[in-house]
Amino acid sequence: MINVCLCFPFRSIRAVTSSENTVIVAVVKRPDREEASVMPLIKSGFNRRYVENPNMMACYNELLQLERGEVLAQFKLRACNAIFTALEQSQEAIEITNEDQVIQYVNPAYESIMGYQQGELIGKEITEVPKSEKNKPDLLETMNSCIQKGKEWQGIYYAKKKNGDSVQQNVKITPVIGQGGKIRHYVSIHRPLHDQNKAPRLPRLQLVFLSRQFPEKIFLSTHSSMARIHSMTIMIAPITKVINIINAAQESSPMPVAEALDRVLEILRTTELYSPQLGTKEEDPHTNDLVGGLMTDGLRRLSGNEYIFAVKQPHLPSHLAMPLSLNDIPPHVAQTMENEDSWDFDIFNLETACLKRPLTYLGLKIFSRFGVCEFLSCPEATLRSWLQGIEANYHSTNSYHNSSHAADVMHATAYFLCKERVKQSLEQIDEVAALIAATVHDVDHPGRTNSFLCNAGSELAILYNDTAVLESHHAALAFQITTRDDKCNIFKNMERNEYRTLRQAIIDMVLATEMTKHFEHVNKFVNSINKPLAALEENGGIGDEESVKGILTSPDNRILVKRMLIKCADISNPCRPLELCIEWAGRISEEYFAQTDEEKRQSLPVVMPVFDRNTCSIPKSQISFIDYFITDMFDAWDAFADLPNLMQHLDNNFKYWKDLDERKLHSLRPPPE
Ligand code: AMP
Ligand code: ZN
């Protein structure tokens, strides 16, 4: 780029990223007296001075000279950077000398193979570096006479490592001819001979090593001896590929990098890649208890206690025979649902108006708004029966996990499905799956956590091997209830393949509500969707429609969007208007207190000791829940779906809990003045 600058300052030119390759020309007035020094111009960043000249041809000639001179040179220099990067990353050991055979450069692979640091070699004549006595005496002579004539030499050569060991190498030395046909440099490429016919050694992965030609494949050695290579190629998991690539990079990395990569490998080899480790920072007992209570599965908390939760037969509502219709919803109930498309919709009004059966009523309205019956080819009466059947299997005795929570999650799901970005990403089958998943996601919840069920040795925990016990049960029971009776089988008229796709999506979403996977789902969403979208926006504005669409609609990413959507809907209560948020906080706290009471009664381990009704600070527990689970997740979801109203509520609510906590209050609300 040539920039002709007529006025100071030219910071705006230097500020652009391409300015390092810019030639900036100062156009100055013809000096009326003595020629002034160019030094001040050079110091302030100009590359050239050009004396003002009204003659067009003179200007044009100057530009031509610049293009062929300075600009071309800059391009060459830029290419040099790329070439040096290639040298640094090459696995071949490379050494460059000048025409007098003074070493000018060795790459990291050379350092690692020969055991020298760059600084010990650069500036030394090649003859000063010890040669192995194993070389035949006439070898050096032949080699020198060949390369000094400008010819390439290749052959087997013994080099001495710094520690005195000899290594047999295949060496290729290429003279580089410069201006005037003179030899300016010699480039030597060394390949240790034991590496010639097999892959580079990967010391950290016994038995498995990488092929230089086919880095995507690994070869298995049948013996621990590296010499015997079995030719069988096996499938390789992505994480193994990553570990192999890091291992290979370590081979040619300087010590500090290799050590840092060791730490990376240590982390990669754990299974809990997405869960932040609670360390010294997280000493707050509320966070510890919430994390312990929600994020551990039973395997780490088995008590051997034989409390049994029965896997009961699903409950059949007696009034199934006379389903109500969307048209005959009582007016006072219909009135409470008028603003169901608004985030500030008050679900507790509906709960009271419909005598604690909000899931059926809200379900009828929302499913009809999304055309679910049309999509499933199912009569409205079947949908009604289904909603009633599902709602009947929620426990109205739970203070939190009852059908109002399911209706609340369905409401949030419908709200998110209307956001522009979500609509761009999902198809109608995804929308239908999301609404059904939200409806069933906590069905038959016993009002106790997974840890409790495992500790109690409940029948469900035994059935599901202490792994995602509740979520597996919710998903399985939902399909049992649905398919057991044609009257409420909303899937009955679906084409088989479409049903399988829908079923898979519903199961995946219900399982995604399990809190042990919280950070995995959030991080995958951010890494696969938010970051690539942000990178696109940074590079070319939002103009690159095709690339944006590619990110939003890829099958893998659609799964991540759906998981994030139901997770955010499930724990969106801290983002609701303050009064609703307080009500939900009271309900979940009461359910936790009831669990602690029961754990004490049954002499079970107390999973979340801070949730003791006599001592618990509800504001502190909400602050911890928001800090640990909510803030980052909703930041990411807001960045994607654009939800300023939710973020505003979250901020207000957080301040509300902080204020109570600062006043040392433990209750849901301040005492009346
Ligand atoms: P789910 O059981 O599907 O509703 O999963 C959500 C989890 O988050 C449950 O374990 C709830 O107990 C927990 N949770 C939701 N809201 C809150 C809240 N305001 N405070 C503490 N825990 C909550
Ligand atoms: Zn839930």
Side-chain angles (χ1 to χ4, degrees), residues 284-297 347 359 390 394-395 398-413 434 437-454 460 468-475 477-478 509-519 521-522 563-576 578-596 607-608 610-611 616-631 633-634 649-650 653-654 656-657 668:
D284 168 42
H286 291 84
T287 311
N288 277 333
D289 280 11
L290 270 171
V291 173
L294 302 182
M295 292 203 43
T296 55
D297 55 36
I347 189 115
L359 191 59
I390 297 292
Y394 275 92
H395 300 199
N398 290 341
S399 61
Y400 180 89
H401 284 105
N402 49 43
S403 70
S404 301
H405 166 63
D408 183 50
V409 177
M410 180 209 283
H411 174 263
T413 299
T439 310
V440 304
H441 88 280
D442 272 334
V443 67
D444 198 34
H445 197 296
R448 301 287 179 262
T449 60
N450 276 331
S451 302
F452 178 97
L453 298 186
C454 296
L460 281 181
V469 175
L470 281 170
E471 294 71 20
S472 304
H473 177 56
H474 304 318
L477 182 69
M509 290 179 82
V510 174
L511 294 184
T513 62
E514 195 215 343
M515 294 299 280
T516 60
K517 296 266 170 61
H518 174 83
F519 292 99
H521 296 318
V522 176
R563 288 179 184 164
M564 185 76 167
L565 186 150
I566 196 165
K567 278 191 62 55
C568 289
D570 192 21
I571 48 178
S572 63
N573 63 73
C575 303
R576 292 287 187 181
L578 180 63
E579 277 310 309
L580 307 183
C581 160
I582 295 174
E583 177 63 27
W584 288 122
R587 291 183 177 206
I588 189 67
S589 305
E590 178 49 42
E591 199 169 291
Y592 288 155
F593 295 157
Q595 173 168 316
T596 304
V607 174
M608 296 182 281
V610 295
F611 286 97
C616 183
S617 158
I618 295 178
K620 271 197 199 317
S621 75
Q622 291 307 297
I623 291 168
S624 297
F625 185 67
I626 293 173
D627 269 342
Y628 200 78
F629 292 109
I630 301 295
T631 309
M633 183 174 77
F634 273 93
H649 286 311
L650 178 60
N653 299 340
F654 187 76
Y656 173 83
W657 299 122
L668 280 175

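Both counts, for ligands and for their atoms, begin at 1 and track the order of listing. Side-chain atoms are counted along with the backbone in the values below, which use heavy atoms only and exclude waters and symmetry mates.
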Practice prompt. Identify the protein heavy atom lying closest to atom 14 (N) of ligand 1, giving its residue, its atom name and the separation to 0.1 Å.
Written response: F625 CZ, 3.5 Å

Worksheet item: Any heavy atom of H401 sitting closer than 4.0 Å to ligand 1?
Response: yes

Worksheet item: Hey, is F629 touching ligand 1 through its side chain, its backbone, both or neither, going by heavy atoms under 4.0 Å?
Response: neither

Worksheet item: Just checking, is any N or O donor in the side chain of D570 or T513 under 3.5 Å from an acceptor N or O on the other one?
Response: no

Worksheet item: With a 4.5 Å heavy-atom cut-off, do F629 and L294 have their side chains touching?
Response: yes

Discussion item. Regarding H395 and D444, do their side chains bring together a donor and an acceptor under 3.5 Å, going by distance alone?
Written reply: yes

Fill in: Close side-chain approach of L290 to Y628, heavy-atom, < 4.5 Å
no

Practice prompt. Specify the protein heavy atom at minimum distance from atom 10 (O) of ligand 1: its residue, its atom name, and the distance to 0.1 Å.
Written response: L294 CD2, 3.2 Å

Practice prompt. If the plane angle is over 60° it's perpendicular, under 30° parallel, otherwise tilted; pick one for H405 and H401.
Written response: perpendicular

Worksheet entry | side chain to side chain donor-acceptor pair (under 3.5 Å) partners for T449, two or more places apart | Q595

Worksheet item: Do any N or O atoms from the side chain of N450 and from the backbone of L470 form a donor-acceptor pair under 3.5 angstrom?
Response: yes

Worksheet item: When you measure from atom 16 (N) of ligand 1 to each heavy atom in I582, N573, I571, I588, which option holds the nearest one?
Response: N573

Worksheet entry | Per-residue contact class, D442 against ligand 1 - non-hydrogen pairs under 4.0 Å | side chain

Item to complete: Could you pull out all residues at least two apart from K517 that satisfy side chain to side chain donor-acceptor pair (under 3.5 Å)?
Response: none

Worksheet, complete the sentence: of all protein heavy atoms, closest to atom 13 (C) of ligand 1 is Y592 OH, 3.5 Å

Fill in: R587 and E583 ion-paired at < 4.0 Å
yes

Practice prompt. Mind checking side chain to side chain donor-acceptor pair (under 3.5 Å) for N573 and listing every partner two or more places apart, or none if nothing turns up?
Written response: Y400

Worksheet item: Do the side chain of D442 and the main chain of H445 share a donor and acceptor less than 3.5 angstrom apart?
Response: no

Worksheet item: Under 2.8 Å from the Zn ion (ligand 2), which protein atoms of type N, O or S occur, listed by chain and number?
Response: H405 NE2, H441 NE2, D442 OD2, D570 OD1

Discussion item. Counting non-hydrogen protein atoms only, what is the nearest one to atom 7 (C) of ligand 1? Give residue, atom name and distance.
Written reply: M515 CG, 3.9 Å

Discussion item. Heavy-atom pairs closer than 4.0 Å: do any link ligand 1 to the side chain of H405, the backbone, both, or neither?
Written reply: side chain

Response to the item:
Checking heavy-atom distances from atom 15 (C) of ligand 1 to each of W584, F611, Y400, the winner is Y400

Worksheet item: Do any N or O atoms from the side chain of H474 and from the backbone of V443 form a donor-acceptor pair under 3.5 angstrom?
Response: yes

Item to complete: Give the residue and atom name of whichever protein heavy atom lies nearest to atom 20 (N) of ligand 1, and the separation in Å to one decimal.
Response: Q622 NE2, 3.0 Å

Worksheet item: Which of the atoms of ligand 1 are close to H441, meaning less than 4.0 Å from one of its heavy atoms?
Response: 3 (O)

Worksheet entry | Protein contact to atom 5 (O) of ligand 1 [nearest heavy atom, distance to 0.1 Å] | D570 OD2, 3.1 Å

